[in-house]
Amino acid sequence: MEIIRTVAELKAKLDDARARGSVGLVPTMGALHAGHLSLIERARKENDTVVVSVFVNPTQFNNPTDLATYPRTEEADAALLEGAGVDYAFIPSVDEVYPEPDTRVFDLGPVAEVMEGAMRPGHFNGVAQVVSKLFRFTEPTRAYFGEKDFQQIAVIRKMAEIEGFKNLEIVDCPIKREADGLALSSRNVRLSAEQRSVAPAIAMTLRASLIKARDMSLAETKQWVIDTINRYPFMQVEYYEIVDALTMQPIAEWSDSERPVGCITVFCGDVRLIDNIKYSL
């Protein structure tokens, strides 16, 4: 595996790689875990060359404290990537990715205006900025993203449409979980032992809501999920929305969508955790 720090070197390496076959890209912000490795494993199966970016993108953080405390574990990340059979690890500096301020504002439409878009102003524009740059740098055949960030995938698809990445396949991959159900996240390391012990209640409650939804209205199901999680110590639901999987718009009745998805954000202490579940009624 080669570690690449500059855009120029990355482009040169991948020009050669594309001449030999397909290129798979896995964008990450580092602090890698088994969820990232599952994306890499799929990329490895489906492509001739695999590149993983490790870059904590400042433009998608609307909270300076969150940016400052985001875990950075480059040495451990590089070892994991080497073991996973990655060809190129792109680990640039902020100045390399943003040699000048990125002032682009993307018209991402309704998919970016609800849930995370409403709670974190500017977040999705920052995601669109950095991912569009990574797509330009690498010109991949396929790019891989985890479904834990369910809304983000819809935003990236919209950005790709706007930017004209017509030949790029965006591959969404299932959530990877701990044995107790907690969705894997780089932020999980910030949980105290006590918080970590209750955090799996998020996934447990979402799974239980699949049964509740058989007899409850959509509104009753939403309220049951919120009330159940809020009864746990340290836990406070920021939002729980049941939305259409394609439009990301909240629905009022189960019959309003063929693919309803419940998307949740919960503060466990001061750690913000996200998860989601697909309803099939």
Side-chain angles (χ1 to χ4, degrees), residues 24-30 35-36 39 42-43 52-63 66-67 70 97-98 101-176 183-187 238-251 257 259-266 272-278:
L25 169 67
V26 182
T28 83
M29 291 208 300
H36 298 108
L39 303 182
R42 180 154 176 192
V52 176
S53 61
V54 177
F55 178 66
V56 180
N57 174 44
T59 72
Q60 70 189 69
F61 286 84
N62 60 330
N63 182 338
D66 197 19
L67 174 61
Y70 198 88
V97 176
Y98 296 106
D102 191 339
T103 59
R104 293 176 297 163
V105 177
F106 291 83
D107 183 9
L108 297 165
V111 295
E113 294 170 357
V114 296
M115 297 187 294
E116 293 298 278
M119 294 296 176
R120 303 175 67 187
H123 168 67
F124 282 136
N125 197 72
V127 169
Q129 287 175 341
V130 73
V131 175
S132 65
K133 280 177 172 284
L134 292 171
F135 287 175
R136 296 282 181 215
F137 297 161
T138 58
E139 298 179 40
T141 312
R142 302 175 186 89
Y144 297 81
F145 298 91
E147 285 189 338
K148 181 175 71 68
D149 298 295
F150 195 83
Q151 186 181 10
Q152 178 176 277
I153 297 174
V155 168
I156 290 169
R157 290 189 192 279
K158 181 64 176 178
M159 178 277 294
E161 176 188 322
I162 293 169
E163 292 291 289
F165 293 109
K166 295 179 181 178
N167 297 321
L168 168 60
E169 181 184 353
I170 295 172
V171 182
D172 50 315
C173 302
I175 298 172
K176 192 77 173 177
L184 285 171
S185 169
S186 301
R187 289 183 170 86
E238 183 179 36
Y239 68 78
Y240 183 53
E241 292 289 352
I242 299 176
V243 304
D244 178 78
L246 295 180
T247 68
M248 295 294 119
Q249 299 309 295
I251 58 176
S257 172
R259 295 178 59 196
V261 178
C263 298
I264 197 163
T265 299
V266 180
R272 191 171 184 270
L273 303 176
I274 67 174
D275 206 339
N276 60 77
I277 196 161
K278 297 173 182 177

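When reading the values below, keep in mind they use all heavy atoms of this one structure, side chains included, and skip hydrogens, waters and symmetry mates. Count residues from 1 along the sequence.
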Heavy-atom nearest pair, Gly146 first then Ile153, reads O-CD1, 3.5 Å
Of all heavy-atom pairs linking Gly30 and Val54, the shortest is CA-CG1, 3.7 Å
Pro174 and Glu147 have their tightest heavy-atom pair at CA-OE1, 4.0 Å
Take the angle between the ring planes of Phe135 and Phe165 and call it parallel below 30°, perpendicular above 60°, tilted in between. perpendicular
Using only atom types and a distance under 3.5 Å, with no angle test, would you say the side chain of Gln129 pairs donor to acceptor with the backbone of Asp102?
yes
*Scan side-chain atoms only and decide if Glu163 and Ser132 contain a donor-acceptor pair under the 3.5 Å cut-off.*
no
*Can you check whether Cys263 reaches Ile274 side chain to side chain, under 4.5 Å on heavy atoms?*
no
Looking only at heavy atoms, the pair that brings Phe124 and Gly117 closest together is CE1-N, 3.5 Å
State whether Glu238 and Arg120 are salt-bridged, where the test is any N-O pair (Lys NZ or Arg NE/NH1/NH2 against Asp/Glu carboxylate O) under 4.0 Å. no
In short, Leu108 meets Ile162 closest at the heavy-atom pair CD2-CD1, 4.2 Å
Is a side-chain donor or acceptor of Lys133 paired with a backbone partner of Val97 at a separation under 3.5 angstrom? yes
Here the gap from Lys278 atom NZ to Phe150 atom CZ, rounded to the nearest 0.5 Å, amounts to 5.5 Å
Output yes when a side-chain donor or acceptor of Gln151 lies under 3.5 Å from a complementary backbone atom of Val114, and no otherwise.
-> yes
Are the side chains of Pro58 and Tyr98 in contact, using a 4.5 Å heavy-atom criterion? yes
Quiz item: Quick one: are Ile156 and Ile170 in side-chain contact, heavy atoms under 4.5 Å?
Solution: yes
Heavy-atom distance under 4.5 Å between the side chains of Lys148 and Ile175, does that happen here? yes
| query | Taking C-beta and beyond as the side chain, do Arg259 and Leu246 meet within less than 4.5 Å on heavy atoms? | reply | yes
When rounded to the nearest 0.5 Å, the distance separating CZ of Arg157 from CG of Asp172 is 5.0 Å
Interatomic distance, CG@Asn57 vs CE@Met29, rounded to 0.5 Å, equals 7.0 Å
Taken to the nearest 0.5 Å, the spacing of Gln152 CD from Met115 CE works out to 12.0 Å
Leu184 and Gly35 have their tightest heavy-atom pair at CD1-N, 3.4 Å
Rounded to the nearest 0.5 Å, the CE atom of Met159 sits from the CG atom of Asp107 at a distance of 14.0 Å
Exercise. Run the side-chain contact (heavy atoms from CB on, under 4.5 Å) check on Arg187 and Asp66 step by step: do they pass?
Worked result: CA-CA 10 Å; Arg187 289 183 170 86; Asp66 197 19; 2.8 Å; yes
Is the backbone N or O of Asp244 less than 3.5 Å from a side-chain atom of Gln249, with the two atoms forming a donor-acceptor pair by type?
no
Do we see a donor-acceptor contact under 3.5 Å between the side chains of Tyr240 and Asp275?
no
I want to check something: taking the side chain as every heavy atom from C-beta on, are Phe55 and Leu134 in contact at a cut-off of under 4.5 Å?
no
Here the gap from Met119 atom CE to Tyr239 atom OH, rounded to the nearest 0.5 Å, amounts to 7.5 Å
